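For reference, the structure is listed below as C-alpha cells.
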2 protein chains.
Amino acid sequence: MAKAYERIADDLRGQIRTGQLQPGARLPAETKLVEQYKKSLPTIRQALSTLQAEGLIEKQHGRGNIVRKPRRLVERRNDRHQWEKDRAREPEPKRRETGATEHDTGLSVSDLVFNAEYRTTEAGPDLAQVFGVPEGTQLLERIFRTRYREEDAPFNVSHSYLLYDLAAKNPDLLDESYEPWPGGTQNQLHTVGVELDRVEERVTARPPTVEEIEDLGLTSGTAILVLRKVCIDINDRVVEVCDVTLPGDRTEMVFTTPLARW
Amino acid sequence: MAKAYERIADDLRGQIRTGQLQPGARLPAETKLVEQYKKSLPTIRQALSTLQAEGLIEKQHGRGNIVRKPRRLVERRNDRHQWEKDRAREPEPKRRETGATEHDTGLSVSDLVFNAEYRTTEAGPDLAQVFGVPEGTQLLERIFRTRYREEDAPFNVSHSYLLYDLAAKNPDLLDESYEPWPGGTQNQLHTVGVELDRVEERVTARPPTVEEIEDLGLTSGTAILVLRKVCIDINDRVVEVCDVTLPGDRTEMVFTTPLARW
DNA sequence: GAGTGGTCTAGACCACTGT
DNA sequence: CAGTGGTCTAGACCACTCC
C-alpha cells in the first residue's frame, strides 16, 4: 500500500510530465485537492512540497502552486580563459569593449550590472594550502556579483583571492573603484608581470544554503554549482583562486577539451 | 518576529556549523526538541526537514536525525580524454590494464564494478539535433554503471549514444558481452576508423528525481551534476553523445584549460 | 474582500531500529 | 519492548495577491 502523499505526488508529477499541466499553469487550489484526493490538507501539502523539492513546481504565497518554467541558460565556456589572455595585452579602448561574461553570453556590457567589493583577509588552512603559503598570509579578497539589468538577483557571485603582496605592486589593483577593470583579472595580473599558463577548475554541486537562496534569488528546489578556479602562472605559481557560486537552473558550463592528433 | 521553525533551524544549523554537533552525531530526539523549544512536534519536524533539504542532516527512521558526514570525493578530470586517446592505439594487453575511471580515481580495476547494457533506440528531437541527423535515425544506446565494489549504489550512470550504422561496421561493438571494452569508447571508435578531435562537455546541476535517488543511492538533500559529453571527430562529425549523471556530494570534476604563451 | 498559501497546534497510530 | 521517526487527521488563525 503506497503512502497517500506519494500517490498524490506521483499523480501530479505525471500530469506535469505529460504536459497535462503546462509550465506556468496553476495547480488546483490546495483546498480543491483536498476534495479531489479525499485527504487532509497537511497530506496534500506534503505531496506538493516534494514536488517543490524536485524543482517541478513553485509555491507562490497568495497566488497558487505554479508549474515551473525552464529557465534560460547562461553559458559559461572555458575558452573564455584563452580569450581573456589574448585581450590582456590589448590597448585599453579595445579591452574596454567587452568582458569575459559578455563574451560567453553574447550580451553587451550595458545588459549586465557588475558589482565589486574589495577587502583584505588572511589565508585560512584551505586557501593557504592551495596557494602554497603559510596560514595567515595576507590576501586581497574581491567579491564580484553579476546580474542582468532587468533582474534583481545576480546569476554569479564570486570570491576572488590574490596574494596581497603581489597585487600591491600595482596600487591601482587594491582599489575597487576601478572596477569593472577593462580586460579583467588577467590584465590586472599582466600589470604586475604575471602570465598565466593554465586554469584549473573544480566543480561540485549541492543544495543551496539559506544565504545562497537569498543572494542568488533562488526558489527552493534548485541546486547550485560550486566552482573553484585556480590560475597558475608560467612559473607554476598559484596566482589567483576564485570561488564561484552559480545557480544550477540557469547555468550551463561548457568545457571543450582539444585532443592532440595521432 | 521570526517564524518558529526558522529560529529552531537556525539554532541547530549554528550548532552544526560551529561543531557543537559533530558529523555523525545524533540530534536530540524530536520529542526532546519539543520540550526544549516549547513548540509542537510538526513545527520541530518542519525545522528538521529544512536542514535535511540543505544536506546538513540525514533522517534515519527508528534511529534518529544524524549530522551528515562529508563524503569522499571522486575526481573526474578532463585530461582523461587525451589519456584515453593515447591508449586507443596501444596493443590490447596494455589497454586492458586500466580504464579512464581508474585513471581518474587512482584505483585499480578490481576496486570497481562495471555494468553495461546495450539496446537500440531512435533519435528523438534532442539527440537528432546534436548528431545532425534526421529524427528517428537509429542509434545504439549503451547504459553504463560504475560503483565501488564495497558499495551498493553506483557513483556514475551514463547513457552513451552512437550512430547505429557507424557502430555496425564492427559487429563486436554491438555486443554488450564484450564490456568492459579495453581501451574504452575511443578504442571502439578507432576500430571503425574514427579519430577524435575534441570533446565538449556541458554541465548543469539540479535536484535529483525520485528515480535518480533510487539509482544513485542518494539521500534527499543532495544535488546531482548532469553532464553531456559530445565527442567530435577530425571531420567535425559528432560521433558520440553521452549523458552522465553524477551525485553532487561525492563527485568533483576537474577541468584544466591550458593557455597559449604570449 | 475573496481566494490562496503559510504557520502552528494537539493528538492518534504505524513502522523501523535497537536491546 | 523501548525509543525513535513517519504518516495522517481536524481545525484555527495569519499573510499575501489580486480585483
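The structure presented is a predicted model; accordingly, all values stated were derived computationally and were not measured. Just the heavy atoms: all of them, side chains too, but no hydrogens, waters or symmetry mates, feed the values below. Below, read A as the first sequence line, B as the second, and so on, with proteins coming before strands; counting in each chain starts at 1.
Between B/Lys59 atom NZ and C/dT17 atom C1' the separation is 16 Å, expressed in whole Å. Rounded to whole angstrom, the span from the CD atom of B/Glu6 across to the C1' atom of C/dG6 amounts to 11 Å. For A/Ile57 and C/dT4, the CD1 to P distance is 15 Å, given to the nearest whole Å. Look at NZ on B/Lys32: it is 10 Å from C1' on D/dG3, rounded to the nearest Å. The separation between B/Glu35 atom CD and D/dG3 atom C1' is 14 Å, rounded to whole Å. Spacing between atom OH of B/Tyr37 and atom C1' of C/dT7 amounts to 18 Å, rounded to whole angstrom units. The distance between atom CG of A/Leu48 and atom C1' of D/dC8, rounded to the nearest whole Å, is 16 Å. The interatomic distance linking A/Leu33 (CG) with C/dG3 (P) rounds to 17 Å, in whole Å.
The side chain of A/Arg45 has C/dT7 as its nearest neighbour among D/dC8, C/dT7, C/dT9. In the set C/dT4, D/dG5, D/dT9, C/dT4 carries the atom at the smallest distance from any side-chain atom of A/Ala29.
When each of A/Gln60 and A/Gln46 is assigned the nucleotide of DNA chain D with its nearest heavy atom, A/Gln46 is the one assigned upstream, toward the 5' end.
Looking at A/Glu200, A/Glu240, A/Glu201 one by one, the single match for salt bridge (Lys or Arg N to Asp or Glu O under 4.0 Å) with A/Lys229 turns out to be A/Glu240.
B/Arg26 contributes a side-chain N or O that, together with a main-chain N or O of B/Arg63, makes up a donor-acceptor pair within less than 3.5 Å. At least one donor-acceptor pair closer than 3.5 Å links the side chain of B/Glu176 to the backbone N or O of B/Tyr118. Not a single donor-acceptor pair under 3.5 Å links the side chain of A/Arg202 to the backbone N or O of A/Val230. A donor-acceptor distance shorter than 3.5 angstrom exists from the side chain of A/Asn78 to the backbone of A/Thr256, with no hydrogens or angles considered.
Put simply, A/Asn65 has a side-chain N or O that comes within less than 4.0 Å of OP1 or OP2 on C/dG5. The phosphate of C/dT7 has OP1 or OP2 within less than 4.0 Å of a side-chain N or O from B/Tyr5. The phosphate of D/dT9 has OP1 or OP2 within less than 4.0 Å of a side-chain N or O from A/Thr43.
Using modelled atom types, one finds a donor on one side chain and an acceptor on the other under 3.5 Å when comparing A/Arg142 with A/Thr185. No hydrogens or angles considered: nothing links the side chains of A/Arg13 and B/Thr209 as a donor-acceptor pair under 3.5 Å.
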Sort me out a list of protein N/O and nucleotides 10-16 of chain D N/O pairs below 3.5 Å, or just none if empty.
from   : atom 1 : to      : atom 2 : distance (Å)
D/dA15 : N3     : A/His61 : NE2    : 3.1

